[in-house]
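Chain letters run A, B, ... following the sequence lines, proteins first, then strands; residues in each count from 1.
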Amino acid sequence: MARHLITSAIPYINGIKHLGNLVGSQLPADLYARYLRARGHEVLFLCATDEHGTPAELAAAKAGKPVAEYCAEMHAVQARIADGFRLSFDHFGRSSSPQNRALTQSFAVALAKAGLIREVTEKQMYSVADARFLPDRYIEGTCPNCGFDSARGDQCDNCTKQLDPTDLINPRSVISGSTDLELRETKHLYLRQSALKDELAAWIDSKSDWPILTTSIAKKWLNDGDGLQDRGITRDLHWGVPAQFEGAPWTGMEGKVFYVWFDAPIEYIACAQEWVDAGKGDDWERWWRTDKGADDVTYTQFMGKDNVPFHTLSFPATILGSNEPWKLVDYIKSFNYLNYDGGQFSTSRGRGVFMDQALEILPPDYWRWWLLSHAPETSDAEFTWENFQASVNKDLADVLGNFVSRITKFCRAKFGETVPDGGVWGEQELTLVNALATRLAAYETLMADKEVRKAAGELRAIWVLGNEYLQSAAPWTTIKTDTDRAAMQTRLGLNLIRFYAVLSQPFIPDAAAELLTAMRAEGAPWPEDAGVALAALAPGHGFAVPEVTFAKIADEQREDWQTRFAGLRG
RNA sequence: GGGCCUGUAGCUCAAUGGUCAGAGCAGGGCGCUCAUAACGCCUUGGUUGGGGGUUCGAGUCCCUCCGGGCCUACCA
């Protein structure tokens, strides 16, 4: 038994996430957490909403609400949807929590003591009409390079040229359209990441088993240009962790907050405190403090590729630079993007299927299975309705669901709704059990390695073995001449349902639970030995014939959804 | 512009430099009748994006061209 800390990249508070966001972090993290729990490991699986920053302020303003109220509402919405997808967080926290505020400020002090914070006075664009400083991309104007009239202050979307807001012709605020902009001096704190460059590089180099996607992005940032750059960790905003506070080793930071990417990863730690404060646990330090037991913890993070620089460099810089005994991540599993029907999912343009909509049309297991079995691990992947329909119908309805139907209904018709007695395993059964044992071991290895797609493929192959067995054993033929043998074959078939339900739990928890309930085998443990597990349901054990576990997606449904989700989100 | 990833069967994807490039789905044939017209068996299908090179041997390594994607530090 080992102890595993698992975190999923924390979703931004601004709106409901789409399926691409889900498959890139929360869903595979949940798969891994569920698997490890099923294997009897001690797991702490944490996620939260990332609530600070300019987009949250603007979204709240647009909704006509105070930002704190907006975030509280959206947190509840996201928590409900996460629950709908059966994401088994031990706690779903908030980066705006008091715990995170205190911890973020504490980290800043520690970093300052270590000489890793420097003050920088710089000039930023200020919008008089909006009464706020504006990030570069919140300023638009005409591109000096190509003449595009909606170029952003950081880059022109038309000609891709890198820009500075002061390069723009006729710059205006994206928020209000106001052209009353001026450069104002402002002071910010910078984290001296450059001072930690060698230490970070050595650490990254030691991680030879990480996905290429993870290490290549990290190395790029470490080595690009002049190497790892210092990063501003404060912003001129109101919504965030105040950068001026009692005990702060600097002055003049009133009205400023820490940058979201500084406080968001710290929420991983604060979330464990929230977990304890919510009465769900009693000791968070044994998960996070290496001086208090966390040395034994294996820490795995899941995220989309856009989050990699912050998790491989910025956050580790915060941890290492603090000189405090915090647990560093052991493995970073990163994902590419999921595209939608020939283009990108887009939150801003409402393109694709969003988490709430997905749950409105189908149960979570359908989405979990398709998304995980098509997880964008080696490259970007593509969602199409045709592929979704075909995969789900074949894998879930035909291969697994129909297997359950055929054996339970056969048994009911011939022996009644109890596990039949008689007969002993022969050559055919031992061959099956051996094949299952081999595939089970492969499945366990793939799950432990976080090879999501391959694990899904192995699980499916395990389901297929049941159909192959039934087909060749043919109890419906056997029963005509040898009742005992037919009973034995049927008994094994029923045990396969229980076996499959246990193995399938991480992918399709609802269906697995339904099957275990039907087989009256709730709480069945992970099989230590396939042969033993496949004899667990003894003669006389009652069961119920399950309702159709997975209904098929009809062509009309698919076409309807295809049309419905083609355009903008209504 | 720079960097990284990627291109393999109609589709979605595999393949430590080493048998004849493999699976699933789709297509074709046969079988079965317990089952959600489900299942099983067999099978068609490839100049591995193009071109060069290294090597006894290249999908894999190098160069180049073409296509797709991501990142490029003030969105998060």
Side-chain angles (χ1 to χ4, degrees), chain A residues 9-14 50-56 58 122 124-125 133-139 152-155 160-162 164-165 188 193 212-213 215-217 219-221 223-225 228-232 235-236 259-261 264 304-310 313-314 336-337 339 344 347-348 373-374 376-384 386-388 390-391 393-414 453-454 456-457 460-461 464 466-477 479 486 489-490 493 547-552:
Chain A
I10 65 177
Y12 198 65
I13 193 68
N14 178 14
D50 177 14
E51 304 193 358
H52 295 139
T54 305
L58 298 181
E122 54 198 4
Q124 303 241 313
M125 293 299 269
F133 283 93
L134 294 176
D136 291 355
R137 70 174 50 201
Y138 282 92
I139 296 164
R152 292 184 323 208
D154 57 338
Q155 182 174 38
T160 74
K161 186 176 172 60
Q162 304 275 306
D164 188 272
H188 284 295
Q193 297 184 141
I212 291 173
L213 184 64
T215 50
S216 66
I217 291 173
K219 286 177 180 173
K220 152 77 166 146
W221 280 58
N223 302 319
D224 196 37
L228 187 61
Q229 301 298 298
D230 294 344
R231 179 176 273 270
R235 292 290 182 274
D236 285 292
Y259 178 40
V260 279
W261 266 115
K305 59 185 167 187
D306 51 331
N307 281 329
V308 169
F310 304 98
L313 302 169
S314 306
N336 287 282
Y337 292 148
N339 290 319
Q344 293 185 353
T347 301
S348 57
S373 62
H374 293 79
E377 289 175 299
T378 51
S379 63
D380 290 354
E382 170 125 339
F383 176 92
T384 64
E386 288 84 358
N387 186 296
F388 177 69
S391 297
N393 284 355
K394 193 68 191 173
D395 299 347
L396 297 182
D398 294 345
V399 177
L400 177 61
N402 182 58
F403 173 79
V404 172
S405 272
R406 64 193 296 205
I407 190 62
T408 51
K409 288 179 181 173
F410 177 78
C411 185
R412 179 172 63 186
K414 305 297 182 184
R453 290 178 92 127
K454 289 180 181 174
R460 185 189 190 281
V464 166
N467 283 309
E468 288 176 5
Y469 170 75
L470 274 194
Q471 202 62 38
S472 62
W476 48 89
T477 302
I479 198 166
Q489 293 169 333
T490 304
E547 299 299 312
V548 169
T549 311
F550 294 103
K552 289 202 186 191

For [X] and [N], is the shortest distance between a side-chain N/O and OP1 or OP2 below 4.0 Å?
X	N	answer
A:Lys409	B:U36	yes
A:Arg137	B:C75	yes
A:Tyr337	B:C71	yes
A:Tyr259	B:C75	no

Rounding to an integer number of Å, can you tell me how far [X] [atom1] sits from [N] [atom2]?
X	N	atom1	atom2	value
A:Arg460	B:A23	CZ	P	14 Å
A:Asn393	B:G24	CG	P	18 Å
A:Asn339	B:C11	CG	P	16 Å
A:Asn467	B:C34	CG	P	15 Å
A:Ile217	B:G69	CD1	P	17 Å
A:Asn14	B:C75	CG	C1'	10 Å
A:Asp398	B:G24	CG	C1'	13 Å
A:Tyr469	B:G40	OH	C1'	15 Å

In the strands shown, is [N] matched to any nucleotide by a Watson-Crick or G-U wobble pair with both distances under 3.5 Å, and which?
N	answer
B:G1	B:U72
B:G31	B:C39
B:G24	B:C11

Does a side-chain heavy-atom distance below 4.5 Å link [X] with [Y]?
X	Y	result
A:Leu213	A:Glu377	no
A:Arg235	A:Thr54	no
A:Lys414	A:Trp476	no

Expressed in whole Å, how much space separates the [atom1] atoms belonging to [N] and [M]?
N	M	atom1	value
B:G24	B:C41	P	9 Å
B:C13	B:C56	C1'	32 Å
B:G68	B:A73	P	23 Å

Please check if the side chain of A:Glu382 supplies one atom and the backbone of A:Asn339 the other of a donor-acceptor pair under 3.5 Å.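 No, because the side chain of A:Glu382 does not come within donor-acceptor range (under 3.5 Å) of the backbone of A:Asn339.
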
Counting only side-chain heavy atoms from C-beta out, which of [options] sits nearest to [X]?
X	options	value
A:Asp380	B:A38, B:G69, B:C75	B:G69
A:Trp221	B:A76, B:C71, B:U36	B:C71
A:Asn387	B:C11, B:C71, B:C34	B:C11
A:Lys454	B:C75, B:A38, B:A15	B:A15
A:Arg453	B:U12, B:A76, B:C34	B:U12
A:Asp50	B:U36, B:A76, B:C5	B:A76
A:Lys552	B:U36, B:C25, B:A76	B:U36
A:Arg406	B:C39, B:A14, B:U33	B:C39
A:Ala397	B:G24, B:A76, B:U36	B:U36

Which part of the nucleic acid, if any, lies within contact of [X], taking any heavy atom under 4.0 Å across all strands shown: a base, the sugar-phosphate backbone alone, or nothing?
X	answer
A:Ala381	sugar-phosphate
A:Val260	sugar-phosphate
A:Gln229	base
A:Lys394	sugar-phosphate
A:Asp395	nothing
A:Ser216	sugar-phosphate
A:Gly401	base
A:Ser472	nothing
A:Lys414	nothing
A:Thr378	sugar-phosphate
A:Phe550	base
A:Lys220	base
A:Glu122	base
A:Phe133	nothing

Between A:Trp476 and B:C34, do the rings stack, that is, sit under 5.5 Å apart with planes less than 30° off each other?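 Yes, A:Trp476 stacks on the base of B:C34, since the ring centres sit under 5.5 Å apart and the planes are within 30°.
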
Look at the aromatic rings of A:Trp261 and A:Phe310 and report parallel, tilted or perpendicular, splitting at 30° and 60°.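 A:Trp261 and A:Phe310: parallel rings.
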
Polar side chain donor-acceptor pair, A:Asp395 to A:Ser391, under 3.5 angstrom: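 Short answer, no.
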
[X] versus [Y], closest heavy-atom pair with distance:
X	Y	answer
A:Ala381	A:His374	CB-O, 3.6 Å
A:Ala473	A:Gln489	O-NE2, 3.3 Å
A:Lys305	A:Asn336	NZ-OD1, 3.0 Å

Can you work out whether A:Ala551 or A:Ala474 has the more 5'-proximal nearest nucleotide on RNA chain B?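 Looking at RNA chain B, the more 5' nearest nucleotide goes with A:Ala474.
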
